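Heads up: the structure comes next, in structure tokens.
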Amino acid sequence: PAAPVAGPHLRSGGVYVVGSKRVTVADVTMAHAQNHGDGGAGYGLEASGSSEVLFRDSRVEDVRHGLIQNWDFGSSGLVWLRCDSVGNTLSGDPVIGGRSEFHHRLAMANLFDSTRDTVGFVAHNRGTESSNAGLTATESVFWNVAGAGPGTYLISYQAGRGYVIGTRDITTQVVPGPLEQALGVADHTEPVDLLEGEGRGADLVPTSLFDDQLARRLGGQAPGS
């Protein structure tokens, strides 16, 4: 086999799906972005203004944000299934971890499923950040997601209803504390998102919400159901 490529593999971002629908991206690896800077650089698996997009069985490493929804309003039906997002960082000194997230404007009914991010996940009100990103997610689901242990957080303050069901090796926050309230990241996000099976993702049935729903539509049974 060929030796691994030395140095950066990507100049900036990896796979970017924009203004599209019914797209599948499968079995890819996006790693080692040269540019981790501001202004949309260095995103791994990204969708913008799109619907019914499936990213599955893929790995993202050493980029800015691994798995991300971005500009503009109205993305829906995005799924990240069995993806692994590892060691992603924002630019700056000291280096700060770049979580998988809903990044800009309101995205609706999306799913992180059986997916790990070693830095964490976030869905909240970003206010004036990123050119007035505002509320970023509603009716979206984190299902059987994992982190990398202590110091990894899943923060879900979604507009209206949001769902966090089954987690592993990650600290979950659905109730804002004093700091979050002061920063405004939970403004206009009532009610509190549903949290079930915290720390029990390994026992979750079905293992994958996407696979279970697909099997039901096709008249079969998903693995792990």
Side-chain angles (χ1 to χ4, degrees), residues 9-10 12-18 20-33 36 40-48 50-70 75-90 97-104 107 109-123 136-137 140-149 152-156 158 162-172 197 201-202 204 206-215 222-224:
H9 295 187
L10 303 169
S12 183
V15 176
Y16 183 28
V17 179
V18 57
S20 303
K21 62 181 179 181
R22 296 195 292 272
V23 173
T24 296
V25 178
D27 303 302
V28 301
T29 298
M30 294 290 143
H32 310 305
H36 288 226
Y43 298 160
L45 299 178
E46 177 184 7
S48 297
S50 298
S51 62
E52 312 308 317
V53 176
L54 172 63
F55 298 97
R56 67 164 178 84
D57 301 300
S58 296
R59 179 181 174 88
V60 182
E61 181 178 0
D62 184 27
V63 297
R64 181 175 173 86
H65 292 286
L67 315 171
I68 189 165
Q69 169 273 335
N70 206 352
S75 287
S76 65
L78 309 179
V79 179
W80 291 270
L81 173 66
R82 293 186 301 272
C83 292
D84 205 18
S85 181
V86 179
N88 302 311
T89 58
L90 310 183
R99 297 171 292 193
S100 290
E101 66 179 20
F102 298 100
H103 192 71
H104 193 280
N110 302 292
L111 172 65
F112 285 95
D113 186 341
S114 308
T115 283
R116 179 179 73 134
D117 192 305
T118 62
V119 181
F121 303 86
V122 65
T136 57
S140 293
V141 180
F142 295 92
W143 183 278
N144 193 16
V145 297
T152 314
Y153 288 85
L154 189 165
I155 299 170
S156 185
Q158 298 184 42
Y163 305 87
V164 181
I165 302 175
T167 63
R168 293 170 287 128
D169 300 321
I170 197 166
T171 300
T172 307
L204 189 62
T207 302
S208 165
L209 180 61
F210 179 89
D211 284 344
D212 182 74
Q213 293 295 307
L214 178 61

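Side chains included, hydrogens not; waters and symmetry mates left out as well; all remaining heavy atoms used. Quantities reported herein were computed from a predicted structural model and do not represent experimental measurements.
The backbone N or O of Asn88 lies less than 3.5 Å from no partner atom in the side chain of Asp62, so there is not a single donor-acceptor pair. Looking at Ser58, its side chain never comes within 3.5 Å of a backbone N or O of Thr29 through a donor-acceptor pair. Side chain of Glu46 to backbone of Gly13: no donor-acceptor contact under 3.5 angstrom is found. Looking only at distances, no side-chain donor or acceptor of Glu101 sits under 3.5 Å from a matching main-chain atom of Phe121. Between the side chain of Thr207 and the backbone N or O of Ser114, no donor-acceptor pair lies under 3.5 Å. Although no hydrogens or angles enter the test, the distance criterion places a donor-acceptor pair under 3.5 Å between the side chain of His65 and the main chain of Arg99.
Rounding to the nearest 0.5 Å places CD of Glu61 at 9.5 Å from OG of Ser85. Rounding to the nearest 0.5 angstrom, the gap separating the CG atom in Leu81 from the CG atom in Leu67 is 11.5 Å. Atom OG in Ser48 sits 9.5 Å away from atom NE2 in His103 (nearest 0.5 Å). Rounding to the nearest 0.5 Å gives a distance of 9.0 Å between OG1 of Thr115 and CG of Asp57.
The minimum heavy-atom distance linking Asn110 with Ser75 is given by the pair ND2-O, 3.7 Å. Pairing each heavy atom of Ala107 with each of Gln69, the nearest pair is CB-CD, 3.7 Å. Nearest heavy-atom pair across Ser140 and Gln158 is N-OE1, 3.0 Å. Here the closest non-hydrogen pair linking Ser12 and Ala41 is OG-CA, 3.3 Å. A pairwise comparison of heavy atoms in Thr118 and Thr152 identifies O-OG1, 3.6 Å as the closest pair.
Considering only residues two or more places apart in sequence or on other chains, His104 meets the ring pair (Phe, Tyr, Trp, His ring centres under 6.0 Å) condition with Trp71.
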field: Residue pair Leu90, Arg64: steps toward the side-chain contact (heavy atoms from CB on, under 4.5 Å) verdict
entry: CA-CA 5 Å; Leu90 310 183; Arg64 181 175 173 86; 3.7 Å; yes
message: Assess the residue pair Leu45 and Val28 against the criterion (side-chain contact (heavy atoms from CB on, under 4.5 Å)); give the C-alpha distance rounded to whole Å, side-chain angles, the decisive distance to 0.1 Å, and a yes or no.
response: CA-CA 10 Å; Leu45 299 178; Val28 301; 4.1 Å; yes
message: What verdict does the side-chain contact (heavy atoms from CB on, under 4.5 Å) test give for Val23 and Ser50, after you've listed the backbone C-alpha separation in whole Å, the side-chain angles of each residue and the deciding distance to 0.1 Å?
response: CA-CA 9 Å; Val23 173; Ser50 298; over 6 Å; no
task: Tell me, with the steps shown, if Phe112 and Asp117 meet side-chain contact (heavy atoms from CB on, under 4.5 Å).
output: CA-CA 10 Å; Phe112 285 95; Asp117 192 305; over 6 Å; no
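Residues Trp143 and Pro206 have side chains in contact (heavy-atom distance under 4.5 Å, counting atoms from C-beta outward). Inter-residue side-chain proximity for Phe142 and Thr172 is flagged as unmet; no heavy-atom pair is nearer than 4.5 Å. In this structure the side chain of Arg168 reaches within 4.5 angstrom of the side chain of Asn144, judged on heavy atoms. Residues Arg116 and Ile170 fail the side-chain proximity criterion, which asks for heavy atoms closer than 4.5 Å.
The local environment of OH in Tyr16 is crowded, with over 12 non-hydrogen atoms from other residues, nucleotides or ligands closer than 6.0 Å.
Screening Arg56, Arg82, Arg59 for a salt bridge (charged side-chain N to carboxylate O under 4.0 Å, His left out) involving Asp27 leaves a single residue, Arg56.
Asp113 and Ser208 share a donor-acceptor pair across their side chains, judged by distance under 3.5 Å alone.
Ring geometry, Phe102 versus Trp80: the interplanar angle exceeds 60°, so the pair is classed perpendicular (tilted spans 30 to 60°).
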